[in-house]
Amino acid sequence: MPSPRTSPSARTSPSPRTLRVIGAGFGATVQDLGRPGHAALGVSPSGAADPRSLRLANRLVGNHEDAAGIEAPYGGLVLEAGRHTTVALAGPPCPARVGRRAVDTHAPVLLAPGERLTVGSPVHGLRVYLAVRGGIDVPPVLGSRSTDTLSGLGPARLAPGDLLPVGTRTAHWPAADLAPERPFPAEPVLRIVPGPRDDWFTPEARTALCTARYTVTSRSDRIGIRLDGPALTRARPGELPSEAALPGALQVPPDGRPILFLTDHPVTGGYPVIATVHEDDLRLAAQTRPGRTLRFRMI
């Protein structure tokens, strides 16, 4: 198995090609597009919970879309550049400034040596993404630089004082001044397909899943979104052997309230999966903050 994760700063040289973490917000992590293909080893795919926003941030600074950046739930980042550096923010719009100068999200921003970028909290949405031209160049583990919060692979969560090495691999020069995105919906409707264990539930439970509102609880993270709403009643008792699962699986534990697996998810642990969220809608789920509601629609 790969070595346990270490602090990013423990592996950086004194090169000025770094970003210093002054404030890490509410659990910021390094993420790229993940390490799929290792489920047989029990390794989660990990990677950005909203990969579309990370890809956009990377395009804005001229990176390849799979370059590693920072995922910051609720924003709250403060970073200091070691040299002239181009960065971009994507995901939900949020207040941001360089020194006292306000800067736009969804646009490339140039930082001079010693300048600090301060990222506030988004009003809507949850996870803000920051890309830096050249990418965050922490050592890859199993082909990815992502932090896996469940297994402990990849770099540790960011902390004040960390030095993040900045790479040199780019795709092109930044080609857009601004790339605004459609606002995230206040109450997303997530498309689902049944199964693989929908026959373990009553018809009433399957109907409730597609008609009721479910509230995202504060016990949600990159592993899964715990939902509060009508309990889903089983048609048969007992448990299953643990099974592999995909991001988007709606696992139903004994209390009947579903858990929506996100990118750092485990195997099922014996609980049946009633349905699976369409992969194109997972970013909406990942951007729904605790206290908000969402609904499901069968396709």
Side-chain angles (χ1 to χ4, degrees), residues 1-2 29 31 33-51 141-142 144 146-154 188 190-210 212 214-288 290 294-299:
M1 290 293 292
T29 56
Q31 297 294 337
L33 297 184
R35 50 179 69 85
H38 301 289
L41 300 176
V43 175
S44 305
S46 197
D50 176 1
V141 177
L142 292 178
S144 170
S146 289
T147 300
D148 185 333
T149 58
L150 178 64
S151 68
L153 296 178
L190 309 180
R191 294 168 292 173
I192 57 175
V193 294
R197 300 294 181 183
D198 55 308
D199 59 333
W200 277 56
F201 295 88
T202 63
E204 292 77 14
R206 296 197 291 270
T207 298
L209 179 64
C210 297
Y214 281 88
T215 301
V216 175
T217 73
S218 59
R219 296 182 299 152
S220 302
D221 53 23
R222 285 178 44 84
I223 297 170
I225 299 174
R226 290 184 177 272
L227 298 169
D228 190 17
L232 304 178
T233 306
R234 289 194 190 180
R236 65 174 73 176
E239 291 190 357
L240 295 157
S242 291
E243 297 176 318
L246 295 171
L250 279 166
Q251 180 197 60
V252 183
D255 69 0
R257 271 75 181 187
I259 300 172
L260 199 170
F261 280 179
L262 290 185
T263 189
D264 288 353
H265 69 84
V267 295
T268 61
Y271 304 141
V273 171
I274 188 172
T276 303
V277 176
H278 192 291
E279 62 179 349
D280 289 345
D281 291 351
L282 276 177
R283 67 182 301 259
L284 298 179
Q287 291 289 3
T288 305
L294 52 77
R295 291 183 293 150
F296 298 104
R297 177 170 66 84
M298 192 70 71
I299 57 176

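Here ring-ring contact (aromatic ring centres under 6.0 Å, His included) pairs that include residues 232-257, with residues two or more places apart or in two chains, number zero. Sequence neighbours left out, the pairs with a member in residues 260-270 that pass side chain to side chain donor-acceptor pair (under 3.5 Å) are S46-D264, T149-D264, R222-D264. Sorted by first and then second residue, the salt bridge (charged side-chain N to carboxylate O under 4.0 Å, His left out) pairs with a member in residues 239-248 read R197-E243; sequence neighbours excluded. Listed by first and then second residue, the ring-ring contact (aromatic ring centres under 6.0 Å, His included) pairs that reach into residues 218-256 come to none, sequence neighbours excluded. The salt bridge (charged side-chain N to carboxylate O under 4.0 Å, His left out) contacts involving residues 34-43 comprise nothing, where partners must be two or more places apart or lie in separate chains.
Scored by the salt bridge (charged side-chain N to carboxylate O under 4.0 Å, His left out) test, R297 finds no partners at all (sequence neighbours excluded). T29 meets the side chain to side chain donor-acceptor pair (under 3.5 Å) test with Q31; sequence neighbours excluded. A search for side chain to side chain contact (heavy atoms under 4.5 Å, CB included) contacts involving T207 returns T211, not counting sequence neighbours. Residues passing the side chain to side chain contact (heavy atoms under 4.5 Å, CB included) test with A244: none are found, sequence neighbours excluded. By the side chain to side chain contact (heavy atoms under 4.5 Å, CB included) test, P266 is found to be paired with L150, I223, F261, residues two or more places apart in sequence or in another chain being considered. Considering only residues two or more places apart in sequence or on other chains, D221 meets the salt bridge (charged side-chain N to carboxylate O under 4.0 Å, His left out) condition with none of them. Residues passing the side chain to side chain contact (heavy atoms under 4.5 Å, CB included) test with D280, sequence neighbours excluded: R191, H278.
Between L250 and F296, some side-chain heavy-atom pair lies under the 4.5 Å cut-off. The shortest distance between side-chain heavy atoms of R236 and P272 does not fall below 4.5 Å.
Between the T217 side chain and the R226 main chain, a donor and an acceptor come within less than 3.5 Å of each other.
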